[in-house]
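Here is the structure we will look at.
Protein chains get the first letters and strands the later ones, always in sequence-line order, with residue 1 at the start of each.
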Amino acid sequence: MRLSQLFFATLRDDPADAEMPSHRLLLRAGYVRQLGSGLYSLLPLGYRVTKRVEQVIREEMNAIGGQELEMPVIHPADLWRESGRYDQIGPEMARFKDRGDRDMVIAMTHEEVVTDLLRDIVHSYRQLPVRLYHFQTKFRDEPRSRGGLIRVREFVMKDSYSCDRDDEGLDASYWAHHGAYVRIFERLGLDAIPVASDVGMMGGSLAHEFMVLNPSGEDLLVLCDSCGFSANRQVAAVRVPAASEASQLPLEEIETPGATTIAELAAFLGIDAAATAKAAFFTAGDGRLITAIVRGDRDVNETKLSNAAGVSGGLRPATVEEIRAAGMEPGYGSAVGAHDTTVVVDGLAAGTPNLVAGANRVGYHLRNVNLGRDYRADLVSDIDNARAGDACPVCAHPLALRNGIEVGNIFKLGTRYSAALGATYLGEDGQAHPIVMGSYGIGLGRNVACIVEAHHDEKGIAWPDEVAPYPVHLVSIGTNKEPRVAELATELHDGAAAARPRHGAAGFPGGREILWDDRDESPGVKFTDAELLGMPWIVTISPRSLAAGGVEVTRRATGQRVVLPLEEARAWLVEEGSPPPTGD
RNA sequence: CGGGGCGUAGCGAAGCUUGGCAUCGCGCGUGCUUUGGGAGCACGAGAUCGUGGGUUCGAAUCCCGCCGCCCCGACCA
């Protein structure tokens, strides 16, 4: 591809709206353009990178027996009503009516459709297992998009679905995907860490997210550098020390005027926050009031609370009226004397005797509150939010908290969708069984952005070989001084374009094509753009390089530079199978 | 949805406080010179100042509404 013909433009100045390096560089180098909030066009360069990422994923999915297909972006709402998600999911899902006044939705994901296909086609255990995947557009009307391509509203995702006879089969499919993902991210040049995660809106029993550490990441990861424990903070267990043996002291009401927060209470009484109990009130989607009790120095983890209490429709902070209706007083609240509420007590608070807790009366607290004697719990469970420095739940080593970006996820769905939609097969026993499913996603655009995050310097992008839009950026200089420069550049460029695709670029037309900066620009402009665009190899041909014996080859990522004789350059770029001229 | 910021030529910005000819750099076009690290000179094109209303002799500038974008938080496979 001649750069003079390429549809792109580099920007000399950083766009005002871009903060993350990947966003800034993809914009400046002409890979993407923004259409609206969370909506991006992929320009030819960005499209080629995305297609190469797609190809890596395709190869690894095929390697575990995946079969590629394609499912629609527009779905009838009735299908989503069957699974129950039509009403469960909020404004994040786009809905509209077609001309026949039928309710339709724009796909956020494809569990329903794949399950519909299964109930149509699979009837016997002999047809299982099967692993299906596709690359398809999703739309999620996020409350807030951010970070360039990191969090967008419309995006292409590889989603795959495993369909097995039983839990054993699902387990095999799950770990097959786990392995495939490890290989995919390694090939993409990403250090992705699998962490235990919440099952969220997918439902299911086991889930991992593959996370790339990044200061702009939206997720918080709890990591142990001693034993390797890793979890999303949403689900990270907190280690609870053995319950205290201290004897219970008599309950005592004390006046605490104006002390409505733990900090004020602790300061007023001159005690540590850890000697108090904190009550937090939530209203569940089903209308229940949930009262969560944690030790005063800790915080409630809403995901863990929601899972522990078996809440389906999510949690929102309770209103003052709702709290009072259950016999409690905001600011001076506790579970003592509470009624008509589900009380969930964290293990740490349950095991700490004689806490100071609210008296459910304005201006008063209670000393020496003890679970069992003074209030009851519907449930004692870990609902504590993990913090940096906490003891690892596995090995007790101090934990670290890091930000991460989710580049992929794997979920055990079980029979959540097959049961709801009636996707069953006849087993060897002659009985109908629901198909046991798993769901596995990788967002393409987000991965492209993460690759740039991991592979750039102050000058620009430095693509890994596996995903670069073109392997080589040919820079010709001094064509007016030396006619051979243009002749040789044309020969190399045209020769590479005519060559058969390089091994590993199957299905990718023009896989051996190189980029040639044939523009009438000064050398400075050409070099600067070459470094910004980030092809793995920059090949310079000029009177000077010819005098030195050939072309100059620079490895973009390392800056390592060698002079390559013309014959070797031809062998490398035009004739198939020649290795790159230098190591890294 | 809460808090903050921004919207002026393709890009980046100044001008707004204190109303009075639309400004600068880059980029773009033409010509000449230049060609190993974002070249020089000359000429030139390009802006409903996000949008609607109001105040005023006069609004990019002051007032009100709306739209859009970014950041933090809430939210979120």
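- For Arg144(A), a side-chain nitrogen or oxygen approaches OP1 or OP2 of rC72(B) to under 4.0 Å.
- Side-chain contact, His208(A) with Asn409(A): no donor N or O sits under 3.5 Å from an acceptor N or O.
- If you check every strand for non-hydrogen atoms under 4.0 Å, Gly148(A) touches nothing.
- Look at rC69(B): its Watson-Crick or wobble partner, with both distances under 3.5 angstrom, is rG5(B).
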Mark up nucleotides 4-16 of chain B, 5' to 3', with B wherever a protein heavy atom is under 4.0 angstrom from a base atom, S wherever such an atom reaches only the sugar-phosphate, and - elsewhere.
-------BSS---

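- Ring orientation note: the planes of Trp175(A) and His178(A) are tilted relative to one another, at an angle of 30° to 60°.
- In terms of polar N and O atoms assigned as donor or acceptor, the side chain of Arg28(A) comes within less than 3.5 Å of the base of rG38(B) in a complementary pairing.
- For the pair Glu209(A) (side chain) and Met211(A) (backbone), a donor-acceptor distance under 3.5 Å is absent.
- Contact check, Ser522(A) against rA39(B): a side-chain N or O comes under 4.0 Å of OP1 or OP2.
- Results of the salt bridge (Lys or Arg N to Asp or Glu O under 4.0 Å) test with Lys304(A) over Asp346(A), Asp384(A), Asp382(A) single out Asp382(A) as the only residue that passes.
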Would you give me the side-chain donor-acceptor pairs under 3.5 Å for residues 37-46 of chain A, sequence neighbours excluded?
unit_1   : atom_1 : unit_2    : atom_2 : d
Ser37(A) : OG     : Ser145(A) : OG     : 2.9
Tyr40(A) : OH     : His23(A)  : NE2    : 3.0

Take Lys526(A) and Asp529(A) through the test salt bridge (Lys or Arg N to Asp or Glu O under 4.0 Å) and record every step on the way to the result.
CA-CA 5 Å; Lys526(A) 291 189 175 192; Asp529(A) 275 348; over 6 Å; no

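- Base pairing annotation: rA42(B) forms a Watson-Crick or G-U wobble pair with rU30(B), both donor-acceptor distances under 3.5 Å.
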